[in-house]
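As a basis for the values below, the full set of heavy atoms in this structure was taken, side chains included, without hydrogen atoms, waters or symmetry mates. First the proteins, then the strands, lettered A, B, ... as listed; each starts at 1.
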Amino acid sequence: MTELSNLCLLLVILVNFFALGSSRLTACIQAVALQGAVLALLPLATHGLSSHSLLLAGGALALKGVFIPWLLLRAIREVHIRREMEPLIGFVPTLLLGALATAGAFIFADLLPLVEAHQGGLFIPTSLATLFSGFLLLISRRKAITQVVGYLILENGIFIFGILLAEAMPMMVEAGVLLDLLVGVFVMGIVLDQINREFSTLDTEQLSALKE
Amino acid sequence: MEMLARTALHLLLLLLVAPLLQGVIVRTKALFAGRVGAPLLQPYHDLARLLRKECVVSRTTTWVFLAGPAAGVAVPILAALFMPFGALPAPIAFTGDLLLFVYLFGVARFFTVASALDTGSSFEGMGGAREVTFACLAEPIVLFCLIVLARIADALSLTALLGPHLAATWRGPAGLSLGLVVVCLLVVLLVENSRIPFDDPNTHLELTMIHEVMVLDHSGPPLAMVLYGAALKLMVLGAPIVRLLLPVNTGSWAGDALVFLGGMLLLAMLIGVIESIMARLRLVRIPQVLIGTTMLSGFALVLVLR
């Protein structure tokens, strides 16, 4: 089963790179949906078929793979934006930073004093790399939608970390994480709508300008 | 004696089959478009026709203009001597030949660009500039991929890199890196051979051309050499991909050669399919894609180094 989970984690990292380098919002959102769907396979691959892991997988697939991307796609359809223009840091530099962070995550994960079972695996480095990629997306883009996508990727990183603890972690905590995310996206959706109505753009830079 | 026979087989495979691959690509594209398409042997007829034609050379050019096509044919043949074809080992192998292999293509590129600049045409200068720009971005990808393979094989010659251990490596933990290497090498194959989505081999719209624009002034036999050189290059650069995807050793010469040929034909069909289903990338996007691919190959290296 480690082959399957390694393949999934590799796909997750590839999606990170894609999201960092792509300027098309639709493609970005679809990539994050793919990442969510791939993550849904992970609990099954690591913990086998149990009601707990099935529930976790089902929840992840429904929320991360289908529902939240659908909300985001609907949002960009309504506000008519297709591309991320003028990111604060260009696409190629963010890609380079993302690659550096990924390499750094691998080096750092090898230095961590982990439990024997987790040593040398791909889980910890992928989780750290995904966290950082999401963070990078969050701080380097102007459009609120891309920032939400960054937030989702950040959360996916936490989810990967959480899978390792799924045995020890009570169900409620995971449910809480997913719920938090959903609330986060809802709030973001409302904020997006407000920004759009006030400024007729989704550029968050506008928020920092004082206005009469 | 056996050595001589092996070298002869190696070169015969390369020299005879290379244009057929072009025919297969064109045929696949035609089938996708719902046409019958040119016969598979059309590239051979084209080469024969061009060889019979008169050669027109501009008065402003010097010998450099004709050195381009010559290097374009000579270099892939030379490079093929270092590259194993499937399970058939390369005729020449020594430690570090992978660097020579990579930079031989640099020599060919230098001569092609020099012959384009020699005509003094601004279009050809533009094409040369583009070719060199994209080549600089493609080179790190090849080197990263070769370093990954070298790390897996623990050797530094191409024959050893693409040796019989690959079948076991695919099943092992390094299989993921091999998968990434295949993807990266495929991208390099498409860039180096000016294929869609990086360049359109059929376009004659000067603003978008990269490789095609550099050979606009060649005619007759030199043009035939350029086309033949391109076909050879496709085969030599495709050989490692075929070997990585089909790591089978049948044990006999004939079997190995047949597996390799079958793999090359499948690869040509794959290129045809990619060309049919993808649109050409905008010029400004190409460096971005190439840098992304470099990241991927670097990531493959990180995976095998840890």
Side-chain angles (χ1 to χ4, degrees), chain A residues 1-24 27-28 31 83-84 87 89-112 114 118-126 128-130 132-133 136, chain B residues 133-134 136-138 140-141 143-145 147-148 151-152 167-187 191 197-198 244-245 277-306:
Chain A
M1 281 323 240
T2 43
E3 258 93 77
L4 180 62
S5 60
N6 279 352
L7 191 66
C8 289
L9 291 170
L10 188 70
L11 265 177
V12 166
I13 292 184
L14 295 189
V15 169
N16 287 344
F17 283 147
F18 180 81
L20 284 174
S22 160
S23 66
R24 280 163 207 254
C28 242
R83 284 165 190 280
E84 170 77 40
I89 311 173
F91 293 109
V92 171
T94 28
L95 203 56
L96 285 173
L97 278 176
L100 275 182
T102 307
F106 272 85
I107 295 167
F108 181 61
D110 281 346
L111 300 177
L112 285 177
L114 298 170
H118 299 160
Q119 217 124 39
L122 277 179
F123 271 93
I124 305 285
T126 312
L128 291 174
T130 312
F132 195 83
S133 304
L136 206 57
Chain B
T133 311
F134 297 148
C136 295
L137 293 168
I141 307 178
L143 285 177
F144 270 129
C145 289
I147 295 170
V148 171
R151 168 81 186 180
I152 291 173
T169 314
W170 272 109
R171 286 190 293 272
L176 290 176
S177 308
L178 274 192
L180 288 177
V181 165
V182 169
V183 173
C184 295
L185 285 179
L186 190 64
V187 170
V191 177
F198 299 99
L244 284 172
L245 288 177
I277 61 176
M278 286 191 79
R280 198 179 161 283
L281 286 171
R282 274 190 303 145
L283 213 56
V284 288
R285 294 273 295 166
I286 297 176
Q288 219 169 317
V289 172
L290 289 180
I291 289 173
T293 316
T294 314
M295 302 290 104
L296 272 194
S297 54
F299 178 56
L301 185 61
V302 170
L303 278 182
V304 290
L305 281 183
R306 66 193 298 261

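For Leu303(B), the part lying under 4.5 angstrom from a heavy atom of chain A is the side chain only. Proximity to chain B (any heavy atom under 4.5 Å) is shown, for Leu7(A), by both the backbone and the side chain. Leu95(A) touches chain B through backbone and side chain together, each having a heavy atom under 4.5 Å away. For chain A, no part of Leu305(B) is nearby; none of its heavy atoms comes within less than 4.5 Å.
Note: Ile89(A) CD1 to Thr94(A) OG1 = 6.5 Å, rounded to the nearest 0.5 Å. Here Ser133(A) contributes atom OG and Leu20(A) contributes atom CG; the two are 5.0 Å apart, rounded to the nearest 0.5 Å. With values rounded to the nearest 0.5 angstrom, Phe299(B) atom CZ is found 14.5 Å from Thr293(B) atom OG1. For the atom pair Ile291(B) CD1 and Leu296(B) CG, the distance stands at 12.5 Å (nearest 0.5 Å). The OG atom of Ser177(B) lies 5.5 Å from the CD1 atom of Ile152(B); values are rounded to the nearest 0.5 Å.
No donor-acceptor distance shorter than 3.5 angstrom exists from the side chain of Trp170(B) to the backbone of Gly179(B), with no hydrogens or angles considered. Although no hydrogens or angles enter the test, the distance criterion places no donor-acceptor pair under 3.5 Å between the side chain of Gln288(B) and the main chain of Phe91(A). Under a 3.5 Å cut-off, the side chain of Ser22(A) and the backbone N or O of Ala19(A) do not form any donor-acceptor pair.
Contacts between residues 96-104 of chain A and chain B, defined by a heavy-atom separation under 4.5 Å, are made by Leu96(A), Ala99(A), Thr102(A), Ala103(A).
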